S.K.: 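Here's a structure for you.
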Amino acid sequence: MCLSACGKAGVDGKRILAAEAGDWLSYGRTYDEQRFSPLDQVNKDTVKRLGVAWWASFDTDRGQEATPLVADGILYTTTTWSKVYAFDAKTGKALWSYDPQVPGEKGFDACCDVVNRGVALWKGRAYVGTLDGRLVALDAKTGKVVWTVQTTDAKLPYTITGAPRAVKGKILIGNGGAEYPVRGYVSAYDADTGKLSWRFHMTPNPTGAPDGAASDKAMKDFAYATWSDGAWKDGGGGATPWDAITYDPKTDLVFVGTGNAGPWNSKIRTGGKGDNLFAASIVALRPDTGEYAWHYQTTPRDDWDFDAVQHLMVADLPVAGKTQRVVMQANKNGFYYVLDAASGKLVSADNFVKTTWAERVDLATGRPVEAADARYENGQEHQQTPGALGGHNWQPMAYSPKEGLVYIPAQTLYMDYADPKEFKFIPGAWNLGLGPSTLSPARAQPAPFGQLIAWDPVQKKARWKVDFAEPWRSGVLATAGGLVFHAAGHNFVAFDAATGKALWTYDTGAAAIAAASTYAIDGEQYVALMVGFGGAGGMGGAEPRRKGRLLVFKLDGKTVPTPFPAPVVQPPLDLATATPSKGDPAKGAKLSAQFCVTCHGAGGYLPVLARSPVILDPVGFKAIVLEGARKPHGMAPFRRFFDEASAEDLRAFLLAEAAKPPPAGEPQTTHGR
Ligand code: CA
């Protein structure tokens with residue numbers, strides 16, 4: 001077995017296909033994205049000896065979502081703001097880093113933090129998608145830029161947070177932004193030159209004209225008829241493929257998961273009519289041309305932000321006595337889908353968490369059988385699980401072929417949806433089409449919780465589950481050592497893959513949400529994990545911001561990372577020093593709900609505005625809110641949405657909020673970039 005540094009000519013399809021045990025060459029390790037490593041030096045017997053071999057600290061305290069890749073002795077990872085780092089994978093020596101200098105104000109266009117999930121490697125280069133929509137090819141040895149292309153319209157609120165994939169000499173990259181919304185697509189660029197090879201749009205062109213893209217025929221054949229005229233034309237319908245892109249060499253297809261349709265409320269988006277293809281769908285394309293092969297829509301006429309971008313995994317499963325090539329997804333909507341990889345035909349769909357919005361999926365039609373009250377299109381309010389954060393989100397799952405189990409980092413979170421009395425599209429802002437709900441707290445949502453679910457995709461049921469207080473946790477790694485690595489809160493845990501028993505726990509000192517990877521050098525197995533919390537509004541709780549870290553473990557590792565410095569506690573505001581506001585707090589409350597709370601609300605990943613000294617002084621407040629004085633930190637200027645009077649209305653509301661006692665669980669610490 002080739003344990004490491006098997007070829008110095010760089011990563012290519014042959015090496016990714018060979019699945020060299022010692023390396024981790026692609027986002028999900030192998031093209032099938034099973035995130036299963038054949039390494040077994042760290043196993044059920046030895047894992048208690050696992051300790052830190054080396055570690056590194058980064059310059060940002062926001063969410064870390066990258067899977068570290070390892071090739072030829074070099075570890076590649078990314079951090080927030082799309083920065084790339086290369087380390088000697090054995091010693092941890094920093095080799096190079098690359099900062100694409102993403103403008104700070106671009107942070108406003110990222111619905112869910114300024115995160116990045118990693119690089120692709122191909123023939124001596126490392127490729128990264130940047131938050132502002134660039135695809136950058138770097139020399140893998142030096143970090144020098146080889147080429148850069150802008151993959152999106154830079155004037156629109158597109159983002160890239162997902163990892164590129166390298167397939168047959170092309171680099172595939174998607175985009176995000178369905179909450180604003182934008183019109184989603186996946187692009188393939190020539191790995192060598194950066195020239196666009198093909199592009200596939202996930203919704204029709206609102207003008208009705210063909211795009212001159214690979215998607216034109218599929219738009220005409222399938223998609224146009226599933227949209228009715230409506231407000232969707234303002235933003236293009238969403239359906240952004242912001243994470244899952246999986247290549248299957250056996251069927252020679254690329255499977256792409258698409259985001260929610262936008263605005264979320266289908267009455268506003270599409271007059272409450274039509275399925276809205278290819279939103280909330282799995283779309284199969286031919287990698288050489290981008291030609292359409294098949295699609296399966298997990299949530300027709302989505303009303304709930306049920307993106308279908310979660311991890312798409314390919315496997316050979318024994319189905320009805322025969323081995324079948326399948327593609328699988330633990331969808332945000334709570335159902336575990338198994339599809340025939342060649343045809344897209346639905347094999348099974350079973351709920352892995354409670355799904356109050358739909359009782360089951362009809363295998364004959366492939367459509368969910370919705371609960372009678374699941375829609376909220378006639379002025380009503382509605383509470384359900386899963387909500388917009390999903391029964392499973394982007395955190396990658398893993399599969400152990402030895403156990404025949406898929407390990408799903410699942411969560412149960414209720415959400416209230418309400419039809420608004422009025423809706424006005426605001427270009428460049430969030431446009432969800434939801435009204436304020438009065439259900440909670442009067443009708444309290446059941447408490448959220450998390451589960452690691454060992455799902456048997458053949459028996460279509462869980463073999464074991466482990467419960468967690470934390471819904472928002474890490475991705476998963478499975479190994480031939482009989483282990484499943486998963487982090488909850490500050491605990492990085494190795495579970496017995498067969499039983500779910502915790503065999504080893506390490507206190508990371510801060511919460512992790514990324515998935516670990518593993519590799520081997522000179523006969524030693526390493527396990528690498530990015531640590532740093534964020535990635536979604538409302539999930540932060542009291543977790544203080546801490547600088548991101550990479551922790552790399554091996555057997556008998558004896559390194560003790562420096563403890564995190566104590567978080568800086570925000571001193572209470574002295575409201576007696578505030579310049580009183582003549583603004584209208586009721587108007588300010590509306591502005592806060594529309595523009596601020598997703599990031600700055602309780603449990604958000606940015607400072608709670610009612611605790612910020614910035615609100616005391618109208619001049620400084622306007623300099624930040626209207627003119628962008630804190631742009632470098634990610635705070636965009638809001639002059640395009642607000643005037644002087646509305647900024648003062650917002651300040652009046654925040655001063656009123658500041659006079660109230662803080663709610664339980666509100667973070668009391670300061671934030672950086
Ligand atoms: Ca979404």
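Not measured: the values here are computed from a predicted model. In listed order, ligands and their atoms are each counted from 1. Computation of the quantities below employed the complete heavy-atom set of this structure, encompassing side-chain atoms and omitting hydrogens, waters and symmetry-equivalent molecules.
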S.K.: Tell me every residue that passes salt bridge (Lys or Arg N to Asp or Glu O under 4.0 Å) with Asp362, counting only those two or more places apart in sequence or in another chain.
M.R.: none
S.K.: Return the set of residues passing ring-ring contact (aromatic ring centres under 6.0 Å, His included) with Phe335 (not counting sequence neighbours), or none when no residue passes.
M.R.: none
S.K.: Can you list everything that forms a salt bridge (Lys or Arg N to Asp or Glu O under 4.0 Å) with Glu370? Sequence neighbours excluded, please.
M.R.: Arg375
S.K.: Give me the ring orientation class for Trp455 and Tyr336: parallel if the planes are under 30° apart, tilted from 30 to 60°, perpendicular past 60°.
M.R.: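 If you compare the ring of Trp455 with that of Tyr336, the planes turn out tilted.
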S.K.: Are there any protein N/O/S atoms under 3.0 Å from the Ca ion (ligand 1), and if so, which?
M.R.: Glu179 OE2, Asn260 OD1, Asp305 OD1, Asp307 OD1, Asp307 OD2
S.K.: Quick one: are the ring centres of Tyr376 and His382 less than 6.0 Å apart?
M.R.: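 They do not qualify: ring centres at least 6.0 Å apart.
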S.K.: Hey, what's the ring geometry for Phe641 with Phe108, parallel, tilted or perpendicular (30° and 60° as the breaks)?
M.R.: tilted
